[in-house]
There are 2 protein chains.
Amino acid sequence: MANISDIIEQYIKARLGRSNSGAIVFRRSELAEKFSCVPSQINYVLSTRFSSNRGYIVETRRGGGGFIRIIRIPLEESEDLLDLVYEKIGDQIGMNEAIGLIRHLFEEDIITRREAHLMETVIEVAAPDHGHPEARRNRAVLLKSMLMVLLRHKK
Amino acid sequence: MANISDIIEQYIKARLGRSNSGAIVFRRSELAEKFSCVPSQINYVLSTRFSSNRGYIVETRRGGGGFIRIIRIPLEESEDLLDLVYEKIGDQIGMNEAIGLIRHLFEEDIITRREAHLMETVIEVAAPDHGHPEARRNRAVLLKSMLMVLLRHKK
DNA sequence: CTTAGTTTGACCTTTATTGACCTTTACTAT
DNA sequence: ATAGTAAAGGTCAATAAAGGTCAAACTAAG
């Protein structure tokens with residue numbers, strides 16, 4: 001909410017949205033200055049919100065003329081998508097990762113909002129988080145079954 | 001009947017009523033302070049009065065800038081439909097009846113084809129037919145949770 | 001007297017912020 | 001070419017700032 005990390009996240013996403021190329025470049029120190037925070041705060045935001053898991057690539061360069069470049073990688077709708085997602089899930093997956101993946105697919109417009117809600121609910125009801133490795137495996141099986149249906153049948 | 005939980009419930013509902021977005025956000029600690037109770041009392045109210053069964057979604061975030069967000073899910077289809085379907089399911093349901101119900105909702109154009117496939121798959125994977133009464137009950141819980149989402153969210 | 005619902009508090013987990021110290025790269029003056 | 005220095009960005013651990021959990025104690029209705 002009123003935390004700086006969220007504000008920086010929004011700022012970066014807004015800039016990415018305005019960019020035609022889907023990429024932006026800036027200096028870490030400038031951004032830190034703009035939001036009156038320490039430079040390492042920027043790294044925190046990058047690692048928690050712009051991970052490759054969430055569909056971004058971050059490139060940086062140190063030294064004089066250094067910079068940070070953030071590139072948004074659109075999830076293309078293709079045959080590979082199912083493989084990609086399957087690989088990401090593997091034979092077990094945590095609650096947060098599962099929810100994160102579902103949200104990502106929704107943001108990329110590959111599944112509808114109702115489908116996303118439906119899947120989240122199913123996972124919470126049928127494979128709740130009890131820390132048991134059993135639950136992680138069940139969750140993976142369930143999620144893969146569901147995505148098999150959705151990614152194979154055109155919207 | 002003037003217990004704190006009821007008062008907090010009313011307060012939250014009043015705020016939800018005033019909100020045009022149908023959602024409100026607050027800090028757990030602030031609310032607790034406002035009603036002079038321990039913070040965990042808020043969790044109690046949320047879990048007993050704002051469950052998804054009652055048509056709410058509660059999202060939270062811990063850590064700095066943490067918050068609790070409550071969203072009221074408007075009923076899209078008629079309330080009767082939800083009641084009807086709930087009654088039909090009851091505390092337990094067989095495989096064939098469950099599949100039949102799902103198909104019926106699809107034919108009535110209340111859920112999409114993808115949603116129907118998705119639900120069938122979920123039921124087959126998470127509550128397969130083994131003749132155990134346990135399975136019949138799990139299936140009912142799962143199916144009701146799923147329909148709660150779909151019958152409450154606009155297509 | 002029993003049961004369901006409520007209230008409390010001790011302890012836990014997650015997320016964010018900050019700062020000291022480290023590494024890499026570019027530029028400049030020998 | 002090269003050493004030195006300035007100008008970036010990177011890492012990591014300590015601390016702060018939330019919210020979550022769970023069980024014990026309490027209360028009210030039957």
Side-chain angles (χ1 to χ4, degrees), chain A residues 1-13 23-54 56-71 93-100 103 124 128-133 135-136, chain B residues 1-13 23-54 56-71:
Chain A
M1 297 232 51
N3 69 27
I4 294 185
S5 293
D6 285 342
I7 295 171
I8 297 173
E9 174 189 3
Q10 292 314 311
Y11 170 79
I12 292 174
K13 285 186 170 165
I24 62 169
V25 182
F26 56 82
R27 273 165 207 253
R28 185 180 76 154
S29 54
E30 272 180 14
L31 249 205
E33 175 111 18
K34 183 181 186 86
F35 292 103
S36 308
C37 65
V38 297
S40 59
Q41 178 98 44
I42 306 299
N43 298 78
Y44 176 73
V45 173
L46 294 182
S47 62
T48 55
R49 280 111 159 131
F50 295 90
S51 62
S52 68
N53 231 324
R54 297 187 181 213
Y56 297 92
I57 289 179
V58 175
E59 296 172 341
T60 67
R61 177 101 139 263
R62 301 185 185 187
F67 61 84
I68 294 178
R69 175 186 292 130
I70 301 177
I71 307 166
I93 188 170
M95 196 71 193
N96 289 344
E97 292 164 277
I99 301 288
R103 302 239 161 118
E124 276 158 16
D129 197 357
H130 293 326
H132 297 123
R136 291 177 59 90
Chain B
M1 190 35 94
N3 68 45
I4 292 191
S5 293
D6 287 338
I7 295 172
I8 296 173
E9 174 188 4
Q10 291 315 311
Y11 169 79
I12 291 174
K13 286 185 171 165
I24 61 170
V25 181
F26 55 83
R27 275 167 207 254
R28 185 179 75 153
S29 55
E30 272 181 14
L31 208 53
E33 176 114 16
K34 183 179 186 87
F35 292 101
S36 307
C37 64
V38 296
S40 59
Q41 178 96 43
I42 307 300
N43 297 76
Y44 177 73
V45 173
L46 294 181
S47 62
T48 55
R49 282 117 160 126
F50 295 89
S51 63
S52 74
N53 271 45
R54 295 178 185 233
Y56 297 91
I57 290 178
V58 176
E59 295 173 338
T60 68
R61 180 117 131 243
R62 302 187 185 184
F67 60 84
I68 293 178
R69 176 186 291 127
I70 302 178
I71 306 166

Asks: Could you pull out all donor-acceptor pairs under 3.5 Å where a side-chain atom in residues 26-41 of chain A meets a protein atom, sequence neighbours excluded?
Replies:
residue: A:Arg28; atom: NH1; partner: A:Asn43; partner atom: OD1; Å: 2.7
residue: A:Gln41; atom: NE2; partner: A:Ser5; partner atom: OG; Å: 2.9

Asks: Mind calculating the distance between CD1 (A:Ile4) and P (D:dA17) to the nearest angstrom?
Replies: 13 Å
Asks: Within this structure, what is the CD1-to-P distance between A:Ile99 and C:dT14, rounded to whole angstrom?
Replies: 15 Å
Asks: May I ask you to decide if A:Thr48's main-chain N or O and A:Ser51's side chain share a donor-acceptor pair within less than 3.5 Å?
Replies: no
Asks: Atom CZ of B:Arg69 and atom P of D:dG19: how far apart are they, to the nearest Å?
Replies: 13 Å
Asks: Per the side chain to side chain donor-acceptor pair (under 3.5 Å) rule, what does the pair list look like for residues 60-71 of chain A, sequence neighbours excluded?
Replies: A:Glu59-A:Arg69
Asks: Nearest 0.5 angstrom please: A:Ile4 CD1 to A:Tyr44 OH, how far?
Replies: 12.0 Å
Asks: Could I get the full list of ring pair (Phe, Tyr, Trp, His ring centres under 6.0 Å) partners for A:Tyr56, not counting sequence neighbours?
Replies: A:Phe50
Asks: Among residues 35-53 of chain B, which ones have heavy-atom contacts with DNA chain D below 4.0 Å?
Replies: B:Ser40, B:Asn43
Asks: With sequence neighbours left out, what residues match A:Glu124 under side chain to side chain contact (heavy atoms under 4.5 Å, CB included)?
Replies: A:Met95, A:Ile99
Asks: Grab the CG-C1' distance between A:Asn3 and D:dA18 for me, whole Å please.
Replies: 10 Å
Asks: Return the value, rounded to whole Å, for the distance between atom CG of A:Asp6 and atom P of D:dA18.
Replies: 13 Å
Asks: Tell me, please, which residues at least two apart from A:Arg49 pass salt bridge (charged side-chain N to carboxylate O under 4.0 Å, His left out).
Replies: A:Asp6, A:Glu9
Asks: Listed in order of residue number, which residues of residues 24-31 of chain A have a non-hydrogen atom at under 4.0 Å from DNA chain C?
Replies: none
Asks: Quick one: B:Glu59 CD to D:dA18 C1', roughly how many Å, whole number?
Replies: 17 Å
Asks: Roughly how far, to the nearest 0.5 Å, is CD1 of B:Ile12 from CD1 of B:Ile42?
Replies: 6.5 Å
Asks: Would you kindly give the CZ-to-P distance between A:Phe67 and D:dA7, to the nearest whole Å?
Replies: 19 Å
Asks: Work out which heavy atom in A:Ile71 is nearest to a heavy atom in A:Ala23; give both atom names and the distance.
Replies: CG1-CB, 3.9 Å
Asks: About how many Å separate CD1 of B:Ile70 and CD1 of B:Ile24, when rounded to the nearest 0.5 Å?
Replies: 5.0 Å
Asks: Grab the CE-C1' distance between A:Met95 and D:dT21 for me, whole Å please.
Replies: 16 Å
Asks: To the nearest 0.5 angstrom, please state how far the OG atom of B:Ser52 sits from the CD1 atom of B:Ile57.
Replies: 8.0 Å
Asks: Protein-nucleotides 26-30 of chain C N/O pairs closer than 3.5 Å?
Replies:
residue: C:dA26; atom: OP1; partner: A:Arg61; partner atom: NH2; Å: 2.9

